[in-house]
Amino acid sequence: MKRSRPVISRLVAHAALSPSPSPTDASHLDALHLFRRAHRRGAPLAAEAFPPLLFACRSFPSLGRQAHALMVKSAANLHPVPATALLDVYSRCGLLRYALDVFDGMSVRDSIAWNALISCLVRHGLPDDAISAFRAMAADGGPPFTGFTLCSMLKACASLRAVRLGKQIHARVIGDGNDSLVMATAIIDFYSGCGMIQEAFDVFNRLNSEKDVAIYNALISACIQNRRFKEAFSVLGLVRPNEITLTCALSACSECLSLPYGKQVHCVMVRHGFDSDTTLCNAIVDMYAKCGELTSGRISFEQIHHKNVVSWTSMIAAYGSHGRGVEAWKLFKRMQEEEISGHVSPNAVTFLSVLSACGHSGLVDEGRECFFAMQSKHGIDPGPEHYACFIYLLGRAGRIEEAWKLYCDLILNPDNLTSAVCIAMLNACKANMDLARACGQWLGAEDLRRMMKDRGLKKEAGNSQFELPVAIET
DNA sequence: ATAGGGTTAG
C-alpha cells in the first residue's frame with residue numbers, strides 16, 4: 001500500500017507546482033517533503049504523524065483534503081488529537097463544511113476539540129453558532145471550559161455586542177483566577193468592540209503583571225476603534241513597537257489624515273527592518289493614499305515583496321478614490337495576469353473596489369465586464385453591495401433602463417433589498433421621476449426607517465487635522 | 001490538537 005499508492009508524492013508534487021510566495025510556505029513545503037520521504041521508505045502512518053503534517057498543510061489547502069484521506073486509511077481520524085488538528089486545518093483554510101463534518105464524526109470530544117470547533121465558528125463569522133456550541137459544551141457530560149473557550153467566546157460576544165454575556169465571561173475569568181495577559185487582551189478587545197473604552201482602560205490599568213506588546217497593541221487598537229486618536233498616540237509612546245503596533249499607528253494616521261506622522265511611522269518601519277511584513281506594507285500604501293500622496297502609495301506598493309490580495313485591492317481602491325479609474329482598471333488587469341501565474345486572485349472586496357473606481361470615472365463597459373466576470377470567471381456571487389455599486393455606475397452613466405432591469409431581478413429576493421441598493425436606484429432615477437416613484441413603492445415604512453438609520457450610522461466623519469502630542473519611540 | 005493585538009470597499 002505504501003509504494004504502490006504514493007498519495008503523498010502526488011500531494012507534494014502538487015504543492016511544488018504552486019508557487020510558495022512566503023518563507024512560511026517554504027518551510028511547510030520542507031516538512032511535506034520530509035513526510036513524503038518517510039512515507040516512501042514505508043514508515044507506518046501512525047496517528048502521531050498527522051498533527052505535524054496537517055500543520056504544514058496550512059499553506060496548501062488542497063493537501064489537507066488528501067491528508068484526510070490518508071488518515072481515514074490508517075484510522076487516525078478516530079483519534080481525537082489528529083482529528084482536532086484536521087478540524088483546525090479545514091477551519092484555517094476557510095473550509096467550514098469540512099471542519100464541521102470532522103467534528104460531527106468524532107466519537108470522543110474533549111475540551112480541545114470543542115474549543116477548536118468554537119474557534120472555527122467565530123473565525124467564519126458565525127458568533128451565534130459559536131454561542132450555541134458553547135451552551136452545548138456546558139450541557140451535562142460535556143468537557144469543562146478552558147481559557148481558550150472563554151477567549152473565543154469573548155470574540156463572539158464582541159461581534160454580537162453581547163455585553164451581558166461578555167461581562168459574565170469576564171466575571172468567570174476573574175472567578176477562575178485567570179490573570180494571564182492573553183485573557184486580559186481578549187477582554188480589552190471585547191470591551192473595545194462594544195464601544196466601552198473606559199472598561200478597556202480599567203482592565204489594562206488594573207493589571208499587576210508585566211505587560212507585553214500585544215496588550216499595548218490591543219489598547220491602541222481600542223482607542224482607534226473608538227476614535228480616541230490622541231490617546232492612541234500617547235499609548236503608542238509607551239511601548240517598543242512591533243509590526244502590529246505600527247500597523248495600528250498607520251490606521252490612526254489615515255483616519256486623521258496626518259501625513260507627517262505617517263511618514264515617521266514609515267521611517268520607523270524601515271529602521272526596524274519590518275518591510276517584509278505584507279500587512280504593514282499594505283497599511284503604508286493605504287496611509288499614503290488616504291493622506292493624498294498617491295505616488296508615494298504606488299511606490300510603496302511596487303516595493304512590497306509578497307503582494308497579497310489586500311495589497312492589490314488597496315492600490316486599486318487608492319486609484320478609485322482619487323478618481324483615477326483608468327489606472328485602477330489597468331492595475332486590476334495586471335493583477336489578473338499575476339493570477340494566471342498563480343500568485344493572487346481577486347476577492348469580493350477587490351471587485352467592489354473596481355466597480356467603485358469605474359463608477360467614479362464613468363467607465364461603464366469596464367464596470368459591466370467586472371460585474372459579470374466576478375461570477376462567471378471567478379465564481380464569486382455578487383452581494384447586494386456589488387449590485388448597489390453597479391446600479392450606481394449605470395445610473396451615473398444614464399443607463400437607467402439597464403439599472404432598473406437589474407434592480408427588478410435583484411429584489412425578487414427581499415434579502416437583497418438593502419438600503420445601499422435602494423439609494424443607488426433612487427440616485428439612478430433622478431432623471432426619471434416616474435421610475436423613482438415605482439422604486440419608492442417597493443419600500444415600506446420599515447425599510448425607510450432602516451435606510452435612514454443605516455445612513456446615519458455610515459455618515460462620514462469630518463476630516464480635520466490636529467497636532468499630535470508625542471513622538472514615536474524608536 | 002485549541003486561545004490575545006494588524007491592512008482592503010461603500
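First the proteins, then the strands, lettered A, B, ... as listed; each starts at 1.
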Contacts of H79(A) meeting side chain to side chain donor-acceptor pair (under 3.5 Å) (sequence neighbours excluded), chain-then-number -> none
If you count heavy atoms of other groups shown closer than 6.0 angstrom to NZ of K377(A), is the number above 12? no
Taking K155(A) first and then D189(A), would you say they form a salt bridge - that is, a charged N and a carboxylate O separated by under 4.0 Å?
no
Sequence neighbours excluded, the answer for side chain to side chain contact (heavy atoms under 4.5 Å, CB included) partners of V182(A) is C151(A), S180(A)
Protein-proximity profile, nucleotides 2-9 of chain B, B/S/- by nucleotide at the 4.0 Å heavy-atom cutoff, equals BBBBBBBB
| said: For a quick check under 3.5 Å, do T149(A) and N115(A) share a side-chain donor-acceptor pair by atom type? | reply: yes
